[in-house]
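Report on the structure given below.
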Amino acid sequence: MSSLRADLRAAVEAARDSAEAEGEFRRQDGAAWPPISLERPGRPEHGDYATNAAMQLAPVVRDSPMRIAETLKRHLGLPPGIGEVSIAPPGFLNMRLDATWVAGQVGAILEAGPTFGGVRADHPRKINVEFVSANPTGPLTVGNARGAFVGDLLCRVLEGVGHEVTREYYFNDFNAQVLNLGLSVQARREGRPVPEDGYHGDYVAELAAAVPDEIWAEATAEGADVGSILGRWASEGVRAGIEESLARLGVNFDVWTSEGSIHEQGWVTRAIDQLRAAGHIYEADGATWFRSTAFGDDKDRVVIRSNGQPTYFASDLGYIAQKFSRGFEELIYLWGEDHHGTVARNRAAAQALGFDADAVQWMLMAWVRFVRNGVEIGMSKRSGEFISLDELLAEIGPDAARWYFGSRATTTGIDLDIELAKKQSAENPVYYVQYAHARCSSILRRAADDKLAPDTGEAAQLLVHPAEQALVRRLLAMPDVVADAAERRETHELTHYCLEVAQLFNAFYRDCRVLPDEAAEIPLSQARLTLTAAARQVLANALGLLGISAPDSM
RNA sequence: GCGCCGGUAGCUCAGUGGAUAGAGCGUCGGCCUCCGGAGCCGAAGGUCGCAGGUUCGAAUCCUGUCCGGCGCGCCA
């Protein structure tokens with residue numbers, strides 16, 4: 001499926017080149033052409049698409065925007081679908097779709113079916129997206145919810161434009177936190193108070209009660225490392241619980257990678273050896289350092305502590321190499337913004353290890369502050385004071401939760417009043433969109449009862465009503481919305497698009513009677529049924545990308 | 001102190017340097033002879049934190065400043 005906007009951009013570029021070839025545009029020496037941008041004007045009288053190319057070109061060809069616009073218009077070979085091009089001061093080129101062409105596209109949407117809205121990426125890539133990656137020392141909190149939803153949504157959108165995506169969860173299975181978890185379980189089991197820096201949540205008591213006899217015997221044997229043994233057992237149980245929670249959200253990871261496995265498979269030592277051979281490693285103060293400042297970091301980083309233990313960052317080194325070895329062309333890390341301080345050293349590592357740093361992207365998600373009745377709720381697994389993801393879901397449901405987190409830019413901090421969220425979940429716009437979808441389904445059901453079916457043929461030409469036209473035009477924009485989301489790695493525009501389509505459908509429903517009152521209305525009715533089916537398809541596809549259900553009745 | 005991210009309607013948030021700054025929720029006022037009223041129509045509500053600058057044009061870019069979040073470990 002091609003994108004109309006991409007075709008228009010190409011047409012404007014061609015007009016520019018044609019004008020230059022005929023000597024009407026004379027570029028300043030060595031000046032590059034500015035990129036052509038196409039936008040959707042805010043006002044209907046400005047058409048369906050507009051470009052500011054003439055203004056952008058003005059300093060390059062040294063002419064007035066209005067004259068440049070005239071020249072561009074003269075050279076413009078329009079793709080099918082554009083009915084009219086006009087010029088507006090100070091030099092906008094406004095393009096309007098041809099109504100007949102628009103009406104005819106409804107059939108094309110239906111024929112594309114579930115694939116409508118996807119655009120084939122210019123270069124499909126094998127992409128690894130790592131997200132959530134919360135350490136398995138306690139259940140997922142609502143704080144982890146954003147990462148889970150946003151990460152999964154990003155994956156769906158990348159898949160939607162043809163990339164091959166692997167969802168990956170990275171977890172820690174042998175550090176001090178896991179040890180503390182083990183000691184906390186032990187304390188609970190023995191009826192002693194949990195250590196000060198241990199884990200105090202109720203789930204620890206549940207774990208303690210569930211320790212199998214053979215594990216307990218092994219852990220408490222003479223000379224055994226109680227904390228490690230219990231910690232490993234407990235963290236695997238917690239990890240499995242996390243996997244179940246995520247599955248309930250519809251977030252399913254393809255690969256679970258433990259930090260321990262990266263070490264066991266030798267990735268860390270090999271990476272450090274490679275860096276040493278390249279001269280990026282030195283010893284100081286008894287520790288082993290990576291000269292990350294040579295690659296733009298603000299200080300060098302320890303990889304092996306003076307006590308011989310590798311740092312967490314050492315694992316990062318090995319993990320990057322491990323990921324690339326698996327054939328990924330692009331790595332995306334979706335991290336909480338509290339990790340932004342570690343981005344520079346990781347980028348340095350990727351470069352120093354010989355990888356294309358541009359092939360690795362670190363996305364930082366702003367924090368979610370949780371508030372109950374105006375008081376902030378801490379999200380500390382250690383103190384046991386947190387709201388679990390499962391609790392949130394039980395209150396507001398996965399569709400509303402996905403919509404809530406999916407409709408915000410990742411850089412925007414969110415203040416979520418948990419009580420307000422519960423109250424407002426009933427008013428969540430997601431239901432408005434789902435309702436529109438159900439309404440489409442209902443109309444199509446009734447039509448089928450009357451032996452009426454959509455007609456993608458000539459009848460579609462009857463769709464000339466403003467409400468019909470506005471709806472089709474918006475439906476046709478879905479490939480552009482999806483392509484933008486994939487390219488910018490920001491997916492929240494999808495929810496706005498869903499709302500717009502639902503609103504336009506409701507306006508169409510209000511103004512245009514779909515089912516016929518008498519036989520003479522049947523051709524128009526069939527055309528409107530086709531539009532209804534197309535709207536339903538687009539809503540289903542967009543909701544599908546969001547991971548939200550599209551009910552036929554509610 | 002230094003760095004990163006924010007500050008837009010009562011609230012929660014959109015807004016790739018463009019044309020008269022938007023949506024949802026909330027508030028107020030209307031609409032059920034009619035395909036789903038979880039709907040529709042209308043209204044009120046804004047010094048885009050503040051001050052300079054760049055530009056034909058700034059919520060958007062630059063500088064400064066105030067406020068908030070986060071980060072600056074041989075923690076993860």
Side-chain angles (χ1 to χ4, degrees), chain A residues 35 37-43 45-46 50-52 55-56 58-59 64-65 88-92 94 133 135 137 172 175-177 259 284-289 298-299 301-316 336-344 364-369 403-404 407-417 420-421 423-424 426-436 438-447 450 484 487-488 490 492-493 495-496 499-500 502-503 506-507 509-517 525 528-529 532 553-554:
Chain A
S37 76
L38 263 293
E39 61 178 28
R40 189 162 67 102
R43 310 187 66 77
E45 60 266 34
H46 295 142
T51 179
N52 61 358
M55 280 92 88
Q56 298 291 334
S64 80
F92 287 104
N94 293 330
S133 296
N135 281 343
T137 53
N172 225 291
N175 65 6
Q177 294 182 25
E259 187 184 359
D285 304 327
T288 303
W289 298 70
D298 57 356
K299 56 180 82 162
R301 305 294 170 177
V302 170
V303 288
I304 308 287
R305 301 186 184 97
S306 49
N307 68 5
Q309 291 299 309
T311 61
Y312 182 85
F313 174 56
S315 309
D316 285 344
E337 68 175 348
D338 55 333
H339 282 68
H340 79 250
T342 63
V343 169
L364 299 171
M365 243 179 350
W367 225 227
V368 183
R369 291 175 72 243
W403 183 279
Y404 187 89
S407 59
R408 282 139 172 92
T410 52
T411 51
T412 299
I414 298 178
D415 283 352
L416 195 164
D417 187 315
L420 206 60
K423 228 180 313 180
Q424 288 183 346
E427 300 299 327
N428 193 303
V430 71
Y431 300 120
Y432 177 86
V433 177
Q434 291 181 319
Y435 181 78
R439 194 178 239 177
C440 292
S441 298
S442 170
I443 293 171
L444 291 165
R445 271 196 305 271
R446 290 189 57 135
D450 296 343
D484 283 347
E487 196 175 330
R488 298 171 56 197
E490 277 289 0
H492 59 279
E493 278 302 315
T495 54
H496 298 130
L499 264 185
E500 286 176 328
Q503 282 168 337
N506 280 329
Y509 171 86
R510 179 193 69 228
D511 294 341
C512 304
R513 170 99 196 162
V514 177
L515 298 177
D517 288 329
S525 180
R528 288 177 171 170
L529 277 175
T532 302
S553 64
M554 51 193 294

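Chain letters run A, B, ... following the sequence lines, proteins first and then strands; every chain starts at 1.
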Expressed as a whole number of angstroms, how long is the span from A/Glu337:CD to B/C5:P? 10 Å
Expressed as a whole number of angstroms, how long is the span from A/Trp403:CH2 to B/A14:P? 14 Å
Between B/A9 and B/G49, how far is it from one C1' atom to the other, in whole Å? 15 Å
If you go through the side-chain atoms of A/His339, does one of them form a donor-acceptor pair with the base of B/G71 closer than 3.5 Å? no
Using a distance-only test with no angle check, is there a side-chain donor-acceptor pair under 3.5 angstrom linking A/Asn52 and A/Ser37? yes
B/C75 C1' sits how many Å from A/Asn307 CG, rounded? 13 Å
Reckon A/Thr342 touches a base, only the sugar-phosphate, or nothing at all at heavy-atom distances under 4.0 Å? base
Do the side-chain N or O atoms of A/Arg408 get closer than 4.0 angstrom to the phosphate oxygens (OP1, OP2) of B/G6? no
Less than 4.0 angstrom from a charged side-chain N to a carboxylate O is my criterion; do A/Arg40 and A/Glu493 meet it? no
Anything under 3.5 Å between a protein N or O and an N or O of nucleotides 21-29 of chain B, put it in a table, one pair a line.
{"unit_1": "B/G24", "atom_1": "OP1", "unit_2": "A/Gln503", "atom_2": "NE2", "d": "2.9"}

Quick one: label A/Asp517 by what it contacts on the DNA or RNA (base, sugar-phosphate, nothing), any heavy atom closer than 4.0 Å. nothing
Span that lies between the P atom of B/G26 and that of B/U12, in whole angstrom: 15 Å
Taking B/G29 as the reference, what is the distance to B/U47 when you measure between their C1' atoms (whole Å, please)? 30 Å
Nucleotide forming a Watson-Crick or wobble pair with B/G39, both distances under 3.5 Å: B/C31
Between atom CZ of A/Phe92 and atom NE2 of A/His46, what is the distance when rounded to the nearest 0.5 Å? 8.0 Å
Identity of whatever pairs with B/U16 - Watson-Crick or G-U, under 3.5 angstrom: none
Which distance, rounded to the nearest 0.5 Å, do you find between the CZ of A/Arg445 and the SG of A/Cys440? 11.0 Å
Flag as yes if A/Trp367 stacks onto the base of B/C70 (centroids under 5.5 Å, planes under 30°), otherwise no. no
Interatomic distance, A/Asp338 atom CG to A/Met365 atom CE [nearest 0.5 angstrom]: 9.5 Å
Within the structure shown, what part of the strands sits under 4.0 Å from A/Cys440 by heavy-atom distance: base, sugar-phosphate, or nothing? nothing
Is any side-chain N or O of A/Thr412 closer than 4.0 Å to OP1 or OP2 of B/C5? no
Please say whether the positively charged group of A/Arg408, taken as NZ for Lys or CZ for Arg, lies over the ring of A/Tyr404, i.e. under 6.0 angstrom from the six-membered ring centre and within 45 degrees of the axis. yes
When you compare the side chain of A/Thr342 with that of A/Asp316, does any pair of heavy atoms fall below 4.5 Å? no
For A/Asp484, which contact category applies under a 4.0 Å heavy-atom criterion: base, sugar-phosphate, or nothing? nothing
Starting at OG1 of A/Thr412, measure out to CD of A/Glu490 and round the result to the nearest 0.5 Å. 8.0 Å
Just call it for A/Arg446: base, sugar-phosphate, or nothing, with non-hydrogen atoms closer than 4.0 Å on any strand. sugar-phosphate
Identify which nucleotide among B/A76, B/U12, B/G36 has an atom closest to any side-chain atom of A/Gln177, counting heavy atoms from C-beta outward. B/A76
Please report the distance, rounded to the nearest Å, between CG in A/Leu364 and P in B/C5. 9 Å
Does any non-hydrogen side-chain atom of A/Thr410 lie less than 4.5 Å from one of A/Leu364? no
Between CG of A/Asp316 and P of B/C75 the distance, given in whole Å, is 14 Å
Partner residues of A/Arg513 under the salt bridge (charged side-chain N to carboxylate O under 4.0 Å, His left out) criterion, sequence neighbours left out: A/Asp517
Using the six-membered ring for Trp and the full ring for Phe, Tyr or His, decide whether A/His46 stacks on the six-membered base ring of B/A19 (centres under 5.5 Å, planes under 30°). yes
Whole-Å C1' distance, B/A21 and B/A58: 12 Å
Determine the contact category for A/Ala409: base if any of its heavy atoms lies under 4.0 Å from a base atom, sugar-phosphate if only primed atoms, P, OP1 or OP2 are that close, otherwise nothing. sugar-phosphate
Using atom C1' in both nucleotides, what's the gap between B/G10 and B/C50 to the nearest angstrom? 22 Å
Of all the choices, B/A19, B/C40, B/G36, which nucleotide is nearest to the side chain of A/Tyr435 once you look at every atom? B/G36
Using the C1' atom as the reference point in each nucleotide, state the distance between B/A38 and B/A43 in Å, no decimals. 23 Å
What does A/Ser553 touch in the nucleic acid at a heavy-atom separation under 4.0 angstrom: a base, only the sugar-phosphate, or nothing? base
Which atoms of nucleotides 16-18 of chain B (N or O only) lie under 3.5 Å from a protein N or O atom, and what are those distances?
{"unit_1": "B/G18", "atom_1": "N7", "unit_2": "A/Asn52", "atom_2": "ND2", "d": "2.8"}

Hey, is the side chain of A/Ser306 pairing donor to acceptor with the base of B/C74 inside 3.5 Å? yes
Using OP1 and OP2 only, check whether a side-chain N or O of A/Asn506 sits under 4.0 Å from B/C40. yes
Calculate, to the nearest 0.5 Å, the distance between atoms OG1 and CH2 belonging to A/Thr311 and A/Trp289 respectively. 10.5 Å
For the atom pair NE2 (A/His496) and CD (A/Glu500), what is the distance rounded to the nearest 0.5 Å? 8.5 Å
Check the distance between B/C11's P and A/Tyr404's OH and give it to me in whole angstrom. 14 Å
Using whole Å, report how far CG of A/Asp338 lies from C1' of B/C70. 7 Å
Applying a 4.0 Å non-hydrogen cut-off, can you work out what A/Ala438 is touching in the nucleic acid: base, sugar-phosphate, or nothing? base
Could you tell me how far apart A/Asp285 (CG) and B/C74 (P) are, to the nearest whole angstrom? 10 Å
Touch class at under 4.0 angstrom, heavy-atom based, for A/Phe313 against every strand present: nothing
Does B/G37 have OP1 or OP2 under 4.0 Å away from a side-chain N or O of A/Arg439? yes
Testing the 3.5 Å rule here: is there a donor-acceptor pair between the side chains of A/Asn506 and A/Tyr432? yes
Between A/Leu515 and A/Arg446, is any pair of side-chain heavy atoms under 4.5 Å apart? yes
Base, sugar-phosphate alone, or nothing: which one does A/Ile414 contact when heavy atoms must sit under 4.0 Å apart? sugar-phosphate
Closer than 4.0 Å, any side-chain N/O of A/Arg510 to the OP1 or OP2 of B/C41? yes
Comparing nearest nucleotides in RNA chain B, the 5'-proximal residue of the pair A/His340, A/His492 is A/His340
Give me the distance, rounded to whole Å, that separates B/C28 from B/C62 when you measure between the P atoms they each carry. 43 Å
Write down the distance separating the P atoms in B/C35 and B/C40, rounded off to the nearest Å. 16 Å
Want to settle it: does A/Glu45 or A/Ser407 sit nearer the 5' end of RNA chain B, counting the closest nucleotide to each? A/Ser407
Syn or anti for B/C32, with syn set at within 90° of 0? syn
Of the candidate nucleotides B/A76, B/G36, B/A38, which contains the atom at the shortest distance from the side chain of A/Tyr431? B/A38
Please pick, from B/C74, B/G15, B/C40, the nucleotide with the shortest atom-to-atom distance to any side-chain atom of A/Ala287. B/C74
